[in-house]
Amino acid sequence: MRRSLTKKQIIRSKAEIDNVFKAGKRSSLSCFKLYVAKNCLEYSRMIVIPARHYGNSVQRNLIRRQVKEIWRTNQDKFPSGLDFVVIVYPTRKAETTFENKQKTLLELFMKTIPLAG
RNA sequence: AAGGUUCUUCAAGCAAUCGCUUAGGUGCCGGCCUUCCGGCGCCCGAGAGGAAAGUCCGAGCUCCACAGGACAUGACGCCGGGUAACGCCCGGGAGCCGUAAGGCUACAGAGAGUGCAACAGAGAGCAGACCGCCUGCGGCGACGCAGGUAAGGGUGAAAGGGUGGGGUAAGAGCCCACCGGGAAUGCAGCAAUGCGUUUCGCAUGGUAAACCUCGUCAGGAGCAAGGCCAAGAAGCGUGUGGAUUGUCCGUCCCAGUCACGCGGGUAGGCCGCUAGAGAUUGUCGGUGACGGCAAUCCCAGAUAGAUGAUUGCAUAAACAGAACUCGGCUUAUGAAGGGCCUUCAUU
RNA sequence: GGGCCACUAGCUCAGUAGGUAGAGCAACGCCCUUUUAAGGCGUGGGUCAUUGGUUCAAACCCAAUGUGGCUCA
């Protein structure tokens, strides 16, 4: 299976995001909060939303890219046809490495996906 | 060597793997399977900054049934130059700061007018006399009255040229010397201004980042401008008619496809959107900002927003992410190098 | 992305042709009352968002910076 992340797989409209917030199952771990909901498509979609006052634009871009990268490289472990919304809150810890983020995010995904069915 | 000052440059790179956006080429599929448009692949290139930031100025560009005048309003303000333009830059002058290198300056006008200056002080704007000093008169005296005076004291941010001498009853530009200032004038300079000469004893200070005067400039709004397509919706009320920033004149548009207010609907796509006051190199002119000429090149165009992750090269760190585009300013910030100045040491 | 506005006591706000910053509520102390509330009297508390400049003097005038908010199709 290809591990790409095209434009199609980014949730685009505000209405769809609101739908995930409303209908999705949620759980949180560390500084991440995940919403998962079923969509009526054959493929999965996702979006990363840094919380308000999350650093400056460089830090917001960085966390978005890193979370996208983690989701991309591990998406074959998830069932398809789901919408993911990841909210990132500012951390008190000065530096968390990419490996730590990957570990906690994977744990969070595995915890939440069964809830969404 | 230490400290200071100023200028310049860079914004880590390379390789491999996976992944994103996109110019070009190409294959397949679809759409009135030619042009063309869309989708999915492959190949080969390209892919954030010096500040992309703050939005403080100046422009291009777009629209406003036209932009014309007067007044208002706002900005700027030594002189000359550069520039598309500027409140920017360069050169020069003046003043101030610094031992110096060097830096800073809203740097036009207060002798056009109006205003302001709390408290203190006798007196604060064409002054004034509290303590003093001196003279005269009265008185034994302390002192009082009348006058002269502004050197000294005191108040204040500021008290009507400064220092020294002469002069005088005491004093005072009253007189003189030097410094400062005004007026006229000569020379140098495009000019700001500088250097002189003559003359005037010279009351008329501060504040224009107070109003103002003089000069120069400015129509308004901004790519969420503006245009096209698709979808959707529900109208109602008010109006010395509306547009041109404010007012007046003028001009234009006309009775709605007008303006304003309330309410309802849509928040999808395409164009604008990157070839430009462009970049690099060379050369010529200029003290310099910059300009001329020639050659070569095409160098981000996203739309919830493209640059990330891992490994290796002993190591990788600052501020920070384009959103129509340029020229500046300001602010944040890492590293490297050069020039110059001061002090100390050595030769 | 563009445009606009605000920042004064713990809170809500006054304060302008520049002259030593105030009100209400809150806090604290006292009085009154059997007690509380209310009422009365008094007290403290401010780098006037920050940093420079103009001025004799700045909350006020000017510039830069920061923070917060509103708005557009």
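Quick note on labels: first sequence line is chain A, next is B, and so on, each numbered from 1. Since we're looking at a predicted model, the values are computed, not measured.
RNA chain B is contacted by both A/I49 and A/E99; A/I49 maps to the nucleotide lying nearer its 5′ end (nearest heavy atom per residue). Residue order along RNA chain B, read from the 5' end via each residue's closest nucleotide, puts A/L62 first among A/N56 and A/L62.
Taking atom CD of residue A/Q75 and atom P of nucleotide B/C20, one finds them 10 Å apart after rounding to whole Å. Taking atom CZ of residue A/R72 and atom P of nucleotide B/U307, one finds them 11 Å apart after rounding to whole Å. Going from atom NZ of A/K101 over to atom P of B/G308 covers 13 Å, rounded to whole Å. The nearest whole Å value for the distance from the CG atom in A/N74 to the P atom in B/C18 is 17 Å.
Not one N or O on the side chain of A/Q66 forms a donor-acceptor pair closer than 3.5 Å with the backbone of A/I63.
Contact check, A/Q66 against B/A309: a side-chain N or O comes under 4.0 Å of OP1 or OP2.
Shown here, C/C70 forms a base pair with C/G3; the pair counts as Watson-Crick or G-U wobble because both key distances fall under 3.5 Å. Using Watson-Crick or G-U wobble geometry with both donor-acceptor distances under 3.5 Å, B/U5 finds its partner in B/G339.
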- Please report the C-alpha distance between A/K103 and A/N100 in whole Å, then the side-chain angles of each, then the deciding distance to 0.1 Å, and finally whether the side chain to side chain donor-acceptor pair (under 3.5 Å) criterion is met. CA-CA 5 Å; A/K103 229 171 96 183; A/N100 284 340; 5.3 Å; no

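A/N61 comes within 4.0 angstrom of a base, heavy atoms only.
Using a 4.5 Å cut-off between side-chain heavy atoms of Ile, Leu, Val, Met, Phe, Trp and Tyr, with links allowed through other members, A/V88 and A/L62 fall into different hydrophobic clusters.
Taking the six-membered ring where the residue is Trp, A/F78 and A/F109 present tilted rings, their angle falling between 30° and 60°.
Between the base of B/G305 and the side chain of A/R65 there is no donor-acceptor pair shorter than 3.5 Å.
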